[in-house]
2 protein chains.
Amino acid sequence: MTTMYQQQTVAIDRVEQMVSRLKKSDHRITPQRLAIFKILANSVGHPSAEAIHGALLDNHPTMSLATVYKTLTLLKQEGEVLELQFSDLGNRYDGNKPYPHPHVICTGCGTIVDPSLLDLDDITKKMMNETGFKIVAHRLDFYGICPECQKNG
Amino acid sequence: MTTMYQQQTVAIDRVEQMVSRLKKSDHRITPQRLAIFKILANSVGHPSAEAIHGALLDNHPTMSLATVYKTLTLLKQEGEVLELQFSDLGNRYDGNKPYPHPHVICTGCGTIVDPSLLDLDDITKKMMNETGFKIVAHRLDFYGICPECQKNG
DNA sequence: ATCGAATGGATAACTATTCTCAATAAGAAG
DNA sequence: CTTCTTATTGAGAATAGTTATCCATTCGAT
Ligand SMILES: [Mn+2]
Ligand SMILES: [Mn+2]
Ligand SMILES: [Zn+2]
Ligand SMILES: [Zn+2]
């Protein structure tokens, strides 16, 4: 039952987490930022900056795309959003899991899904020993064709 | 001894491989393309398009950056170069290992190194079973600080 | 040598992201 | 509640990596 309750409120928890993190770092909570937090916390896919902006225009007609970018930069700094860089698709953002985790990406339609987590700690240690790098993060993407695109040829 | 010989000639082999692949797909081998192949095969880092272009200007003063991009697009199509997309650093290219393999990237200076290979076949199968995707490639990046940047830290 | 197609070079166009700056509003202080 | 300071917003300009365009050149088959 704890689990079910957590699942229902996970989005709200994320918004609260973002708010408290920004307060701690002496940043102001504006209506624009709050609205962006909510979009990020409620998105299941991995929206682009422009997708976030588009979703906000209904309730915030004057929302600027620059504000979306600035807020994303801020959340990146504070470790509250994960940025997935794609020079072709454009960057995508995960506000629900702001820590490294694998992604499965459809090269047909651009869909990005979160599979179950993977423990790469052992591999990471091996890489540090081998290269001498101090590794703090990773990125693991799998590329393929989603079930939907497989059907549609 | 076979191993030693292969190491000495790996760069040449890569150029030959690129040449024969382009011939097979009915593309012409021009001096410009050959020069780009050589740069790719001999680079230990992971150069950007602009870095490749810069390295070529000495012996090919009229080489156009557009030609570099066109050749890279061609090599990507033919599976003879691996493109690492970075929206901040700019894209980087590996002509020596045109198949998926891990990379260790310094967030301080942008250095990218190839550690030893990793077998992700089991994990890939798990991802396919879980998501229904038909996975054909992957990308595994580790981010950290290289030994050099740690010293100058 | 001739011809049609592929390629190269120069540059314009494009696009995601960042920058600039005047106007506004958050939040602390009184 | 009002005032004050300063971070933030929004609009648009600027930037940068990449792609598209177009004509001259080159390749290579006949
Ligand atoms: Mn994710
Ligand atoms: Mn590599
Ligand atoms: Zn798809
Ligand atoms: Zn470094």
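Keep in mind that the numbers below use all heavy atoms, side chains included, and drop hydrogens, waters and symmetry copies. Below, read A as the first sequence line, B as the second, and so on, with proteins coming before strands; counting in each chain starts at 1.
Note: NZ (B:Lys23) to P (D:dG28) measures 9 Å, nearest angstrom. Protein atom CG of B:Leu89 is 14 Å distant from nucleotide atom P of C:dT17, rounded to whole Å. Atoms CG (A:Leu56) and P (D:dG10) sit 10 Å apart, rounded to a whole Å. B:Asp26 places its CG atom 11 Å from the P atom of D:dG28, with the value rounded to the nearest Å. Between the CG atom of A:Leu34 and the C1' atom of C:dG27 there is a distance of 16 Å, rounded to whole Å. Here C:dT15 presents its C1' atom at 13 Å from CG of A:Asp88, a figure rounded to the nearest Å. Rounded to whole angstrom, the span from the NE2 atom of B:His53 across to the C1' atom of C:dT11 amounts to 13 Å.
Within residues 61-85 of chain B, the residues that have a heavy atom under 4.0 Å from DNA chain D are, in order of number, B:Ala66, B:Tyr69, B:Lys70.
Using a 4.0 Å cut-off, no side-chain N or O of A:Asn91 falls inside it from OP1 or OP2 of C:dA16. OP1 or OP2 of D:dT9 lies within a sub-4.0 Å distance of a side-chain N or O belonging to A:Arg33. Between A:Gln32 and the phosphate of D:dG10, there is a side-chain N or O to OP1/OP2 separation shorter than 4.0 Å. Proximity of A:Thr30 to the phosphate of D:dT9: a side-chain N or O atom is located under 4.0 Å from OP1 or OP2.
With respect to B:Glu80 and B:Arg14, a salt bridge is recorded, a charged nitrogen being found less than 4.0 Å from a carboxylate O. Ion pair B:Asp94/B:Arg92 not flagged as a salt bridge, since none of the NZ, NE, NH1 or NH2 atoms sits closer than 4.0 Å to an Asp/Glu carboxylate oxygen. Ionic pairing of B:Arg21 and B:Glu78 is not present here: no N-O contact between side-chain nitrogen and carboxylate oxygen is shorter than 4.0 angstrom.
Remark: B:Lys76 NZ is packed, more than 12 non-hydrogen atoms of other residues, nucleotides or ligands lying under 6.0 Å away. The environment of B:Glu50 atom CD is sparse: at most 12 non-hydrogen atoms of other residues, nucleotides or ligands sit within 6.0 angstrom. Summarising the local packing, NZ of B:Lys23 is surrounded by 12 or fewer heavy atoms from other residues, nucleotides or ligands at distances under 6.0 Å.
Toward the 5' end of DNA chain C, the nearer of the two residues A:Phe86 and A:His27, judged by each one's closest nucleotide, is A:Phe86.
The side-chain contact (heavy atoms from CB on, under 4.5 Å) with B:Lys38 is formed by just one residue from the set B:Asn59, B:Leu56, B:Val15; it is B:Val15.
The listed nucleotides are D:dT18, D:dT9, C:dG27; the one nearest the side chain of A:Arg28 is C:dG27.
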